[in-house]
Amino acid sequence: MCNYLSGKGISESLLWAIDSEENEKEGEKEVEGVAMKCSRCGQEIKEAESYTHRGKTLCEDCYLDIRLEVKACDPWAVYSATRSRESADFKGTEGLTDLQKEIYALVKRKGKVTREEVIEGLNLSEQEMQTQLATLRHCELVKGHKQGDKVYLVPFS
Ligand SMILES: [Zn+2]
């Protein structure tokens, strides 16, 4: 009697386990089935890897890109960056890191350079370049300048 009951109990919980396992699999499939597209580059992304920025669905690359752009073009950020440099009596390139000074010097010397030239000339990674450039834009030292189908970095003023 006892054996029979416990036997039944086991098979019932086994069935339940199999049941819920199947449910889980179905649930996973559904999530994977929701293929999303990055609204910036059009790349297909899984929901779990998607980012939302101002109501748009973005892949990780574009999200990081946009976040950096927003930072670089945010007037309030520029205001506070220039203001704090002013109040600390920083002028021109003072207050920049050596690397930022080098990039700025290169841009000034050449008048206009491509990102690739800076990356090669100073042996930077794309990521380093991105970060340094954001600061140089913040401080209104370097800006992007489109000429033909190329974008150059030029002195801000
Ligand atoms: Zn994208």
Side-chain angles (χ1 to χ4, degrees), residues 17-88 90-157:
I18 290 164
D19 246 26
S20 59
E21 207 176 290
E22 271 174 13
N23 281 342
E24 252 173 56
K25 271 184 196 154
E26 262 172 41
E28 269 174 39
K29 259 184 214 157
E30 241 171 72
V31 172
E32 274 176 30
V34 183
M36 310 177 85
K37 272 193 177 180
C38 170
S39 62
R40 194 161 175 260
C41 69
Q43 188 189 303
E44 280 204 9
I45 32 172
K46 286 179 195 164
E47 193 176 10
E49 291 163 9
S50 71
Y51 290 78
T52 312
H53 180 69
R54 293 186 180 174
K56 285 184 175 174
T57 306
L58 299 166
C59 70
E60 191 176 11
D61 285 349
C62 291
Y63 177 73
L64 290 177
D65 255 24
I66 283 186
R67 286 302 297 243
L68 276 171
E69 271 172 31
V70 166
K71 243 175 110 189
C73 301
D74 183 349
W76 184 251
V78 171
Y79 172 74
S80 40
T82 45
R83 193 181 152 84
S84 65
R85 277 156 47 81
E86 263 168 33
S87 62
F90 282 143
K91 283 192 183 93
T93 57
E94 278 177 62
L96 296 179
T97 65
D98 285 345
L99 184 55
Q100 285 156 3
K101 279 183 197 170
E102 269 186 79
I103 296 172
Y104 181 58
L106 189 71
V107 173
K108 275 217 119 170
R109 197 168 65 235
K110 295 208 170 196
K112 61 171 189 187
V113 283
T114 59
R115 285 167 64 110
E116 290 71 31
E117 280 175 326
V118 177
I119 288 170
E120 266 184 41
L122 299 178
N123 207 11
L124 303 175
S125 72
E126 178 70 28
Q127 191 57 49
E128 274 173 320
M129 181 64 194
Q130 192 93 308
T131 314
Q132 306 313 324
L133 206 55
T135 309
L136 289 169
R137 282 201 196 132
H138 258 183
C139 303
E140 301 190 336
L141 291 168
V142 171
K143 64 181 177 184
H145 176 71
K146 204 164 186 254
Q147 214 168 59
D149 57 352
K150 274 194 165 184
V151 177
Y152 293 95
L153 302 170
V154 297
F156 196 86
S157 50

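Order of listing sets the numbers, starting from 1, for every ligand and every atom in it. The model shown is predicted, which means the values in this text are computed figures rather than measured ones.
Here the rule is side-chain contact (heavy atoms from CB on, under 4.5 Å) with L153, and of M129, K110, K112 only M129 fits it.
Contacts of E44 classified as side chain to side chain donor-acceptor pair (under 3.5 Å), with partners at least two apart in sequence or in another chain: none. Residues forming a side chain to side chain donor-acceptor pair (under 3.5 Å) with K150 (at least two apart in sequence, or on another chain): none. Here E102 pairs with nothing under the side chain to side chain donor-acceptor pair (under 3.5 Å) rule; sequence neighbours left out.
At a cut-off of 2.8 Å, measuring from the Zn ion (ligand 1), the protein N, O or S atoms that fall short of it are C38 SG, C41 SG, C59 SG, C62 SG, waters left aside.
In this structure, Y63 and Y51 have parallel ring planes: the angle between them is below the 30° cut-off, well short of the 60° mark.
Here the shortest heavy-atom pairing between C62 and C38 reads SG-SG, 3.7 Å.
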